[in-house]
K.L.:
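First, the structure itself, so that you have it in front of you.
Residues: numbered from 1 along the sequence shown. If you're wondering where the values come from, they're calculated on a predicted model, not measured in any experiment.
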Amino acid sequence: MHLIIDGYNLLHVTLPLSQGASEDLQRKREQLIDQLSSYRQKKPCEITVVFDGWRGGWGTEKRERNKGIDLVFSKLGETADEVIKRLVKERGSGAVVVTSDRDISRYAQRMSVAVIASDQFGERIGQSALRREAKDALEEEETETSKKGPSRTLSKREKRRRAALKKL
């Protein structure tokens with residue numbers, strides 16, 4: 001499994017930012033990378049985090065690896081959304097996208113890639129005690145909705161989302 005994460009989208013959900021301070025932004029990015037690194041130790045998977053650089057970034061796309069996490073900063077004039085779409089196209093259905101951006105979600109779903117909302121994933125990486133409760137709740141929800149008949153059949157999108165959540 002390869003997680004493609006909309007970096008600032010997840011950052012705003014898990015670690016709310018105060019207005020303006022770039023030092024604060026760098027510190028919050030480091031905290032997010034620490035959380036993802038500890039998550040990666042529990043659940044071995046590839047993780048790519050994409051950050052926007054289109055307003056004040058570099059002339060070319062910048063890639064680096066920090067604590068086992070691949071970081072991508074989009075180039076000047078290119079949004080993180082465009083980079084995520086490109087990665088989704090390259091990786092295909094083996095990827096899971098973490099974002100709350102509707103445009104990226106729709107694109108990923110058209111490419112048959114599972115999408116997890118940033119707030120749901122934020123709960124997974126932030127609080128390991130909730131992991132067991134969420135798993136139990138998901139299993140309970142599945143037993144309630146796994147009745148036969150066309151009106152109660154889950155959509156392909158919902159099946160992909162639930163399968164991805166189970167893997168997390």
K.L.:
If you take all heavy atoms of D119 and V13, which pair is closest and at what distance?
P.N.:
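What the structure gives for the nearest pair is CA-CG1, 3.4 Å.
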K.L.:
Using only atom types and a distance under 3.5 Å, with no angle test, would you say the side chain of S112 pairs donor to acceptor with the backbone of S93?
P.N.:
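Judged by distance alone, no pair lies under 3.5 Å.
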K.L.:
Output all residues satisfying ring-ring contact (aromatic ring centres under 6.0 Å, His included) with Y107, sequence neighbours left out; order by chain, then residue number.
P.N.:
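ring-ring contact (aromatic ring centres under 6.0 Å, His included) list for Y107, sorted by chain: empty.
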K.L.:
Would the distance check show the side chain of R161 and the main-chain N or O of I116 forming a donor-acceptor pair, the cut-off being under 3.5 Å?
P.N.:
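No, R161 side chain to I116 backbone: no donor-acceptor pair under 3.5 Å.
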K.L.:
With a 4.5 Å heavy-atom cut-off, do I33 and V49 have their side chains touching?
P.N.:
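No, side chains not in contact.
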K.L.:
So which pairs with a foot in residues 91-105 pass salt bridge (charged side-chain N to carboxylate O under 4.0 Å, His left out), sequence neighbours left out?
P.N.:
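Pairs touching residues 91-105 that pass the test: E46-R91, K85-D103.
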K.L.:
For R160 versus Q109, what's the shortest heavy-atom pair and its separation?
P.N.:
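It is NH2-O, 3.6 Å.
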K.L.:
So, do T99 and S105 sit near enough that their side-chain heavy atoms are less than 4.5 Å apart?
P.N.:
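Yes, their side chains come closer than 4.5 Å.
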K.L.:
How many angstroms lie between NE2 in H12 and CG in D6, if you round to the nearest 0.5 Å?
P.N.:
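That separation rounds to 9.0 Å.
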K.L.:
Can you see which heavy atom on G7 is nearest to which on L32, and at what distance?
P.N.:
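Looking at all heavy atoms of both residues, the shortest contact is O-CD2, 3.9 Å.
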K.L.:
For a quick test of reading the model, state the closest non-hydrogen atom pair linking C45 to M1 and the distance between them.
P.N.:
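Smallest interatomic distance, heavy atoms only, reads CB-O, 3.4 Å.
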K.L.:
Among residues at least two apart in sequence or on other chains, which ones pass side chain to side chain donor-acceptor pair (under 3.5 Å) with E30?
P.N.:
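For E30 the side chain to side chain donor-acceptor pair (under 3.5 Å) partners, ignoring immediate neighbours, are Q26.
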K.L.:
Return the set of residues passing side chain to side chain donor-acceptor pair (under 3.5 Å) with R110 (not counting sequence neighbours), or none when no residue passes.
P.N.:
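So R110 forms no side chain to side chain donor-acceptor pair (under 3.5 Å) with any residue.
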K.L.:
Is V113 reachable from V50 through a run of hydrophobic residues whose side-chain heavy atoms are each under 4.5 Å from the next?
P.N.:
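Per the 4.5 Å side-chain linkage, V50 and V113 are co-clustered.
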K.L.:
Roughly how far apart are L36 CG and I69 CD1, rounded to 0.5 Å?
P.N.:
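Here the rounded value is 5.0 Å.
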K.L.:
Measuring from D52:CG to L76:CG, what's the distance to the nearest 0.5 Å?
P.N.:
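The CG atom of L76 is 11.0 Å from CG of D52, to the nearest 0.5 Å.
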K.L.:
Considering non-hydrogen atoms only, spot the tightest contact between S74 and V83 and give its length.
P.N.:
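Heavy-atom minimum between the residues: CB-CG2, 3.7 Å.
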K.L.:
Would you call R86 and E82 a salt bridge, taking side-chain N to carboxylate O under 4.0 Å as the test?
P.N.:
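So R86 does not pair with E82 through a salt bridge.
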K.L.:
For Y39 and F121, take the angle between the two ring planes, folded into 0 to 90°, and tell me which bin it lands in: parallel under 30, tilted 30 to 60, perpendicular over 60.
P.N.:
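Because their plane-to-plane angle is over 60°, the rings of Y39 and F121 count as perpendicular.
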K.L.:
Out of curiosity, does Y8 fall in the hydrophobic cluster containing I4 (side-chain heavy atoms, cut-off under 4.5 Å, transitive links)?
P.N.:
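No, because I4 and Y8 fall into different hydrophobic clusters, even though each may have its own neighbours under 4.5 Å.
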K.L.:
Considering residues at least two apart in sequence or located in another chain, which fulfil the side chain to side chain donor-acceptor pair (under 3.5 Å) criterion with T48?
P.N.:
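Residues passing side chain to side chain donor-acceptor pair (under 3.5 Å) with T48: H2.
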K.L.:
Distance check, rounded to the nearest 0.5 Å: Q120 atom CD versus L10 atom CG?
P.N.:
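Q120 CD to L10 CG: 12.0 Å, rounded to 0.5 Å.
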K.L.:
Are I47 and I84 connected into the same hydrophobic cluster when the rule is that any two of I, L, V, M, F, W, Y join if their side-chain heavy atoms are below 4.5 Å apart?
P.N.:
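Unlinked, I84 and I47 end up in two clusters.
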K.L.:
Between V88 and A108, what is the shortest heavy-atom contact and its length?
P.N.:
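Reported closest heavy-atom pair: CG1-CA, 4.2 Å.
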K.L.:
Contact between L11 and R29 at the side-chain level, heavy atoms closer than 4.5 Å - yes or no?
P.N.:
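SC-SC contact between L11 and R29 confirmed.
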K.L.:
Using the side chain to side chain donor-acceptor pair (under 3.5 Å) criterion, which residues pair with K67? Sequence neighbours excluded.
P.N.:
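Side chain to side chain donor-acceptor pair (under 3.5 Å) check on K67 returns D34.
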